[in-house]
Number of protein chains: 2
Amino acid sequence: MNLPEIIAQLRDNGHKVTPQRIAIIKTVLESPELLTPSALYEKVKKADPGVGAVTVYRTLNILEELGLVCVVHTGDNTHSYIGCPAEHHDHLICADCGKVVNFTHCNLGLLEKRLIAETGFAISEHRLDFYGRCEKCGKKRFVAEASARTIVLRE
Amino acid sequence: MNLPEIIAQLRDNGHKVTPQRIAIIKTVLESPELLTPSALYEKVKKADPGVGAVTVYRTLNILEELGLVCVVHTGDNTHSYIGCPAEHHDHLICADCGKVVNFTHCNLGLLEKRLIAETGFAISEHRLDFYGRCEKCGKKRFVAEASARTIVLRE
DNA sequence: ATGGTTGCAAAGACTTTGCAGGAGG
DNA sequence: CCTCCTGCAAAGTCTTTGCAACCAT
């Protein structure tokens, strides 16, 4: 989902395309990491100081409603946003830096069928989030552990 | 995870077992549906009016921290709680009534391996939630649609 | 006995809303 | 032009914190 696509979707749904909204959308799309509304507001402000926090909230609500961005509920009491493909996808999230990798083809069809058969539920969708540490943060962690060990040896 | 197990876990972790906490835990365990903190507070109050909302929040935080209940992030801006088994499990959630079915053996090992190989992430856990309508709510919906149709025919 | 716990009230954080002025289509 | 959008301030909601009294161990 890129900027022109999102703009088109906004227009098609009767929303206006303002400089503020473009700044907000661009910031979301350019960020590889999850952004809370306030983190997003801070980022947007740097690029375009004439955007208020309220507009960020309102824009995010519209984008979320139209499925143009993805909402990820993180451990704390708020949720974060991330750009995403239009089709169904799931997430791989770095618990350290918040980086998100989207992936498609989760292949949960069989599991879903079994659950339907066993529970009588009608399943309409799912959310699958993997949590871990991205390659970069994994290395950082390794370095941190190594230097901690060094300090111990010096005593 | 039943009441005695949870009580034991609380004691083992240096927390005291008070009547309020027991009332809260019982209410969570007896509810098949997701409960937001305030919904839980309302339920607990009926069974035991001498429990304050603050205590519900504090108790939930402890239970969550010890992994004695499960937190599910729902669509709105809050999270809900549900009793759960001690081992790894995932959820099947009724979008209508909030009923939750826990299931184990999600068999995501292969998918996880592929993701690790392709992204370099170190994956430590995941969350898989299926959303749909439970058997009961599916029937209610059918009845509702049927009666709506009846009303239209009467015009 | 003593240290965690409770409930109240107050503070805090986050999000939404009302409104007047302003800009997009 | 008309309608939707913006930003400010205020209100609203949810959650946490300070504190004195209380209770589990």
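Every chain is numbered from 1 and lettered A, B, ... according to where its sequence line falls, protein lines coming before strand lines.
B/Lys16 places its NZ atom 7 Å from the P atom of C/dG4, with the value rounded to the nearest Å. Rounded to whole angstrom, the span from the CG atom of A/Asp12 across to the P atom of D/dC4 amounts to 17 Å. Protein atom CG of A/Leu60 is 10 Å distant from nucleotide atom P of C/dT15, rounded to whole Å. The interatomic distance linking A/Ile24 (CD1) with D/dG7 (P) rounds to 8 Å, in whole Å. C/dG25 atom C1' lies 14 Å from atom CD1 of A/Ile22, rounded to whole Å. Look at CG on B/Asn13: it is 17 Å from C1' on C/dG3, rounded to the nearest Å. One can place OH of A/Tyr41 at 16 Å from C1' of C/dT16, the figure rounded to the nearest angstrom. For the pair A/Ile7 CD1 and C/dG25 C1', the interatomic distance rounds to 14 Å; values are reported in whole Å.
Listed nucleotides C/dG7, D/dT6, C/dT5 differ in distance to B/Val51; the shortest reach to its side chain belongs to C/dG7. Between D/dT25, C/dT5, D/dT6, one nucleotide has an atom nearer to the side chain of B/Arg21 than all others, and that is C/dT5. Ranking D/dG7, C/dG7, D/dT25 by closeness to the B/Gln20 side chain, first place goes to C/dG7.
Closest-nucleotide positions on DNA chain D for B/Arg11 and A/Val56 were compared, and the one nearer the 5' end corresponds to A/Val56. When each of B/Pro19 and A/Gly14 is assigned the nucleotide of DNA chain D bearing its nearest heavy atom, the one mapping closer to the 5' terminus is A/Gly14.
Taking 4.5 Å as the limit, every side-chain heavy atom of A/Gln9 sits out of range of all side-chain heavy atoms of A/His15.
Between A/Thr18 and D/dC5, a side-chain N or O to OP1/OP2 separation shorter than 4.0 Å is absent. Distances shorter than 4.0 Å separate none of the side-chain N or O atoms of A/His15 from OP1 or OP2 on D/dC4.
The backbone N or O of B/Thr27 sits nowhere less than 3.5 Å from a side-chain atom of B/Ser31 that would complete a donor-acceptor pair. Distance alone, capped at 3.5 Å, is enough to place a donor-acceptor pair between the B/Arg21 side chain and the B/Lys16 backbone.
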Distances under 3.5 Å only, N/O to N/O: pair up the protein atoms with those of nucleotides 13-16 of chain D.
from   : atom 1 : to      : atom 2 : distance (Å)
D/dT15 : OP2    : B/Tyr57 : OH     : 2.4

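Taken to the nearest 0.5 Å, the CG atom of B/Leu34 stands 5.5 Å off from the CD1 atom of B/Ile93. The structure places CG of B/Leu128 at 11.0 Å from CZ of A/Arg127, a figure rounded to the nearest 0.5 Å.
More than 12 heavy-atom neighbours from other residues, nucleotides or ligands sit within 6.0 angstrom of NE2 on B/His88. Residue-environment remark: NZ (B/Lys43) exceeds the threshold of 12 foreign heavy atoms within 6.0 Å. Counting heavy atoms of neighbouring residues, nucleotides and ligands inside a 6.0 Å radius, atom CD of B/Glu65 does not exceed 12 of them.
Rounded to 10°, the angle separating the first-five-pair axis and the last-five-pair axis of the helix from C/dA1-D/dT25 to C/dG25-D/dC1 equals 50°.
Hydrophobic clustering (ILVMFWY, side-chain heavy atoms < 4.5 Å, transitive): B/Val72 and A/Ile123 are in distinct clusters.
Annotation: ring-ring contact (aromatic ring centres under 6.0 Å, His included) contacts of B/Tyr81 (sequence neighbours excluded): B/His79.
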